[in-house]
There are 2 protein chains.
Amino acid sequence: MTPLEHKRPMKKADLEDRIRAVDLRPTKQRIALAELLFSDGNRHITAEKLHSEALDAGVRISLATIYNNLHQFTTAGLLREVVVDSSKSYFDTNVDPHHHFFHEQNGTLEDIHSGDLTVSNIPELPDGTEISSIDVIVRISPDNNS
Amino acid sequence: MTPLEHKRPMKKADLEDRIRAVDLRPTKQRIALAELLFSDGNRHITAEKLHSEALDAGVRISLATIYNNLHQFTTAGLLREVVVDSSKSYFDTNVDPHHHFFHEQNGTLEDIHSGDLTVSNIPELPDGTEISSIDVIVRISPDNNS
DNA sequence: TAAGCTCTTTAGAAAGATTCTAAAGTATTG
DNA sequence: CAATACTTTAGAATCTTTCTAAAGAGCTTA
Ligand SMILES: [Mn+2]
Ligand SMILES: [Mn+2]
Ligand SMILES: [Zn+2]
Ligand SMILES: [Zn+2]
């Protein structure tokens, strides 16, 4: 288990610590977002969805703040962005290297742990470049036989 | 070499045939786009870029028509869409299964032929689903040593 | 070739996601 | 508490993509 993984719900004080640890102020909005994002296992979520969850939870927060914080969390390494759909961004609370199933039907992501899938025989990289990440998206849809 | 591959520049009459073959009318705009897309080897291109290339080539065409035709060509199997950047769509004239290098620096795509890269040990799919495609994006950036 | 039909193109409006601006609010430090 | 720096926010702006509705072009048939 890597240092950043956490399988049990996180207490509010821990969430504040986690925010402070990346040099951000634990505002009411930030704590609420951290709670929605990190309290209860890994999540893959869009800005709009997170916004509506926050409003549902009774937290008054603007969409601009959602975007600000998603980007700040991403820069801080608490989130990563997953590109699977050209029309919206997904943010992933699992920042360990891993891949994804993408359910085309409902726009949902599911983790594939790094060890469960191997990419091999990557050809020589173009000159002067290095790998910054490898993303594998297995796009799946409802199967019609069976 | 699969049937759809073509290594030599395509003549205008061939382009018309190709458009007719997928039950579309060979309009001036469509022929011009087909020429830009299919005349000279594989391409990875955005709508805006294709639009400006068409205008540069002296073809009066609206951006709506670019989008209409990119989608019609994609539906017809002459193009595929590659999702690598959450802010814009790329269209690929290579419709054979293959993967990509993505140069993060300049937003450029480069093919990795299917045979040059292997994805193995894909875990069991979620119940009732089948694979619709597998996309591997190797994101690369300028390397700072060397 | 003309008529009629269908498909295509287009300008401009609209939509949807994301970012920006600038002003008010809040956390932190001294 | 005061000063400072960071944060939030409404609303405007931006950007890409899609839609609308009307004019234009290709195709078929007579
Ligand atoms: Mn699309
Ligand atoms: Mn972004
Ligand atoms: Zn994930
Ligand atoms: Zn390609």
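Below, read A as the first sequence line, B as the second, and so on, with proteins coming before strands; counting in each chain starts at 1.
Remark: the A:Arg30 side chain and the D:dT7 base include no donor-acceptor N/O pair separated by less than 3.5 Å.
Each of C:dT18, D:dC27, C:dT9 was ranked by its minimum atom distance to the side chain of B:Asn68; first place goes to C:dT9. Candidate nucleotides D:dG26, C:dA27, D:dT17 were compared by shortest atom distance to the side chain of B:Ala47, and D:dT17 ranks first. Distances were taken from every side-chain heavy atom of A:Thr65 (C-beta onward) to each of D:dT8, C:dT28, D:dT18; the shortest belongs to D:dT8. Checking C:dT9, C:dA11, D:dG11 against every side-chain atom of B:Ala64, the shortest atom distance belongs to C:dA11. Set against C:dT8, C:dT10, D:dA10, the side chain of A:Ser62 has D:dA10 as its closest nucleotide. The nucleotide whose nearest atom lies closest to any side-chain atom of B:Arg25 is, among C:dT8, D:dT17, C:dT18, C:dT8. Checked against C:dT18, D:dC6, D:dT16, the side chain of B:Glu48 finds its nearest nucleotide in D:dT16.
Using a 3.5 Å distance cut-off with no hydrogens or angles, the side chains of A:Thr74 and A:Glu81 do not pair a donor with an acceptor.
Aromatic ring orientation, A:His100 versus A:His44: perpendicular (interplanar angle above 60°, classes split at 30° and 60°).
A 6.0 Å sphere centred on CG of A:Asp127 holds no more than 12 heavy atoms belonging to other residues, nucleotides or ligands.
Screening B:Asn94, B:Leu109, B:Thr93 for a side chain to side chain contact (heavy atoms under 4.5 Å, CB included) with B:Arg43, the sole residue that qualifies is B:Thr93. Screening B:Arg20, B:Arg30, B:Glu16 for a side chain to side chain contact (heavy atoms under 4.5 Å, CB included) involving B:Arg25 leaves a single residue, B:Arg30.
In this model, the phosphate group of D:dT8 is approached by a side-chain N or O of A:Asn69 to a distance below 4.0 Å at OP1 or OP2. The phosphate of C:dT10 (OP1 or OP2) has a side-chain N or O of B:Gln29 nearer than 4.0 angstrom. Within the structure, every side-chain polar atom (N or O) of A:Arg60 is placed at least 4.0 Å from both OP1 and OP2 of D:dT9. OP1 or OP2 of D:dT18 sits under 4.0 Å from a side-chain N or O of B:His71. Note on A:Thr27: every side-chain N or O is 4.0 Å or more away from OP1 and OP2 of D:dC6.
Using a 4.0 Å heavy-atom cutoff across all strands shown, A:Leu24 reaches sugar-phosphate atoms only and no base atom.
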